[in-house]
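Chain identifiers are assigned alphabetically (A, B, ...) following the order of the sequence lines, protein sequences preceding nucleic acid strands; residue numbering begins at 1 within each chain. Quick note: numbers below take in every heavy atom, side chains included, and nothing from hydrogens, waters or symmetry partners.
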Amino acid sequence: MKTWQQLKKYPKLWRKHFIREEIIKTIRQFFYKRNFHEVETPTLLPALIPESYLDVFSTDLLLKDGLSKRLFLATSPESSIKKLLVAGIGNCFTLCKSFRNSETSPYHNSEFTMLEWYRVQTDYQQIMRDCEELLVSIYRKVKMLTVNGKPKSEENHKDRLEYQGQFIDLTIPWIRMTVSSALNKYSAVDLKQLCEIKNNQVVYPRGKIAAIAKSKGYEIKLTDSWEEIFHQIFFNEIEPELRKFSRPVILYDYPKPLSALAKLNKRNPLVAERFEFYIAGLELGDCYSELTDYQEQSRRSDEELKKIKKSDKSGIIPDEDFIEAIKSGLPVCSGIAVGVDRLVMLFTNSKTIQEVLFFPQSEF
Amino acid sequence: MSKITASNFYKGLVIEFRNEPSQIVDSQFYNPGKGSAVVRVKLKNLKTGRVLDFTFKSQETAQEISVDTHEMQYLYSQNDLFVFMNPKTYEQISIVSEIIGDFTRMLKEGEVYQIMLIDGQPVGFRKPKKVTLKVVEADESAVKGNTQGGAKKTVILESGLSVAVPLFIKTGDTITVDVDSGEYVERAGQK
């Protein structure tokens, strides 16, 4: 049965979707209150920031004389928003549809709703606080809905959320943990073991992490990249531990190879200013203190393009206008992307992303 | 035997994982926000019955293991071993309780079950979809009173399993039991 048919037959099922509606409203109010501009970004784009691990959707725009021009569905609003930041919009947010061409899973739908917000003249620390406050605001709003506005005695004093049998205490501040300490604690790996200094620069040779992964029993091929090896260790050893926390966890300061578009941390050159936050094992958001150096951005873009050309992925057109914009001066800023569908999963205690969509791809 | 890429894993597939035959119980493709896709699987070690989570790189390969399924008749149990016989060849094999799991309490002597073998070694037991067992011991003195509240009594079945049943069940009746929980479902036959 399609979702619309289920809704017709069992009106109780509307509840999740009405909670979704409230979450969207709360997000908008949260940012309006803080004087953010709401911007609309295009879904169809003539070029993309190259990201080798993403598969994209492309289509053809019909022109005169039977000619056509290739266009892409946005994988995120990032390039558009950054151009607006260059133009001088200041603090802003968008709620938009983004598209990634990959298999569906309980956590993925190829078309999904993304919330991005950017703050100028600040770094990722401020965005961490935004995340904490935003989620508590949403929680309180959703709770009012579920108990019809009547506070339920003592339970009401604690911001305690139930997700899939696990109770999560959203009380601020959340747990903050560096990637380096997580690696140490759960994988017995010292970040310093993974890098070396070369020409006054910190580098992470692939051989070092490959040797550690092999000693842990992982099968490593020559074609496995640094990032793939790291993620295998991360998903097997660290992420399962993050699931056990009964509070949200902000994992921050990622090793350089995992955050090429983030600013390096001034106090610790081994890492860049990036964080992700996890609640009950759900990966909800990814934030950078944005890289403002256009040369680095351009070099990175070329590198990703090379990787894409090597793979069997369909060709993309790199967004040169984006590099041009960064060159003309991206203000100091920090931004985050949050998966709205996953937020709805969390607040409606839904096991799969399909349950919170009217038209999930699994029904196509 | 052939190699299979992690992105092509499916439920039920048996692979060699850290030198042990392991069956994929669940497999999910996962794309981290920034990074290459991984495949997150639940693997059941067919020798120990232990289930563990493991994340493969999506391009990682594993050795596929072919599994034969044989119909075998359950004969008897001795200590912690359960003895089955191939009705065609009369060949007998002993299976440790870990492989059969909770179902050991529902095994019926003489009944034919499906056993999974790798190179002749038992590695798995396929639970039947439905189990009917005869009541061998029931307290007949339990009186039919107010059954609206669902009054129950405990009976012992031919496999040795004791189960709570409604008062009308008598010794010699056969009942259907839930394969997973071991609970009473319905009366299948009357004495």
Side-chain angles (χ1 to χ4, degrees), chain A residues 51-55 75-76 98 100-108 110 112 114 213 217-221 223-240 243 254 257-262 274 276-277 281 283-288 307 311 336-339 342 352, chain B residues 1-66 102 118 180-181:
Chain A
E51 288 176 284
S52 59
Y53 41 83
L54 293 184
D55 281 302
T75 55
S76 89
S98 295
R100 294 183 184 181
N101 201 345
S102 65
E103 254 179 81
T104 57
S105 87
Y107 309 101
H108 300 93
S110 285
F112 59 101
M114 199 180 236
Y218 295 105
E219 288 202 17
I220 304 298
K221 283 190 294 196
T223 46
D224 295 333
S225 67
W226 196 97
E227 171 262 316
E228 282 172 306
I229 301 171
F230 178 88
H231 272 120
Q232 189 166 33
I233 295 175
F234 177 80
F235 280 115
N236 280 306
E237 300 174 24
I238 299 174
E239 200 249 21
R243 272 170 201 271
Y254 278 67
L258 291 175
S259 30
L261 291 188
R274 171 187 170 193
E276 286 202 356
F277 70 100
E283 174 199 346
L284 289 163
D286 190 5
C287 166
Y288 285 8
K307 280 192 212 161
S311 71
I336 185 167
V338 172
R342 288 196 196 161
T352 68
Chain B
M1 264 180 263
S2 58
K3 289 250 183 193
I4 182 162
T5 309
S7 52
N8 293 325
F9 282 176
Y10 54 88
K11 272 185 211 173
L13 174 75
V14 179
I15 58 166
E16 190 177 295
F17 180 71
R18 305 209 159 145
N19 301 320
E20 307 262 302
S22 301
Q23 186 167 35
I24 290 169
V25 186
D26 191 30
S27 168
Q28 261 165 27
F29 215 65
Y30 190 85
N31 277 299
K34 300 263 175 198
S36 312
V38 293
V39 180
R40 317 195 72 173
V41 300
K42 274 195 191 311
L43 280 171
K44 182 180 179 186
N45 183 318
L46 291 179
K47 281 191 180 157
T48 63
R50 269 193 61 206
V51 176
L52 62 86
D53 293 310
F54 190 76
T55 302
F56 288 87
K57 295 178 284 284
S58 63
Q59 291 311 312
E60 198 166 339
T61 55
Q63 192 73 48
E64 191 177 344
I65 296 180
S66 64
D102 272 355
I118 295 174
D180 296 310
S181 66

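In this structure, Y254(A) has no ring pair (Phe, Tyr, Trp, His ring centres under 6.0 Å) partners at least two apart in sequence or on a different chain.
The environment of K42(B) atom NZ is sparse: at most 12 non-hydrogen atoms of other residues, nucleotides or ligands sit within 6.0 angstrom. Counting heavy atoms of neighbouring residues, nucleotides and ligands inside a 6.0 Å radius, atom CZ of R50(B) does not exceed 12 of them.
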Would you check, one step at a time, whether the test side chain to side chain contact (heavy atoms under 4.5 Å, CB included) holds for Q28(B) with Y107(A)?
CA-CA 10 Å; Q28(B) 261 165 27; Y107(A) 309 101; 4.1 Å; yes
As a quick check of understanding, evaluate side chain to side chain contact (heavy atoms under 4.5 Å, CB included) for H231(A) and S36(B), giving each step before the final call.
CA-CA 8 Å; H231(A) 272 120; S36(B) 312; over 6 Å; no
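Between Q59(B) and E228(A), the side chains place no donor N or O within less than 3.5 Å of an acceptor N or O (distance only, hydrogens not considered).
Contact check for R100(A) versus N31(B): no side-chain heavy atoms found under the 4.5 Å cut-off. With contacts defined as side-chain heavy-atom distances shorter than 4.5 Å, the pair P32(B)/F235(A) qualifies. The side-chain heavy atoms of K57(B) and K221(A), taken from C-beta on, include no pair separated by under 4.5 Å.
Here the CZ atom belonging to R40(B) is positioned 7.5 Å from the CG atom belonging to N236(A), to the nearest 0.5 angstrom. Here the straight-line distance linking atom OH of Y30(B) with atom CD of E239(A) works out to 6.5 Å at 0.5 Å rounding.
For E227(A), the part lying under 4.5 angstrom from a heavy atom of chain B is the side chain only. Both the backbone and the side chain of Y218(A) come within contact range of chain B, judged by heavy atoms closer than 4.5 Å.
In terms of heavy-atom pairs under 4.5 Å with chain B, the best-connected choice from P106(A), A337(A), S259(A), S76(A) is P106(A).
Contacts between residues 5-27 of chain B and chain A, defined by a heavy-atom separation under 4.5 Å, are made by R18(B).
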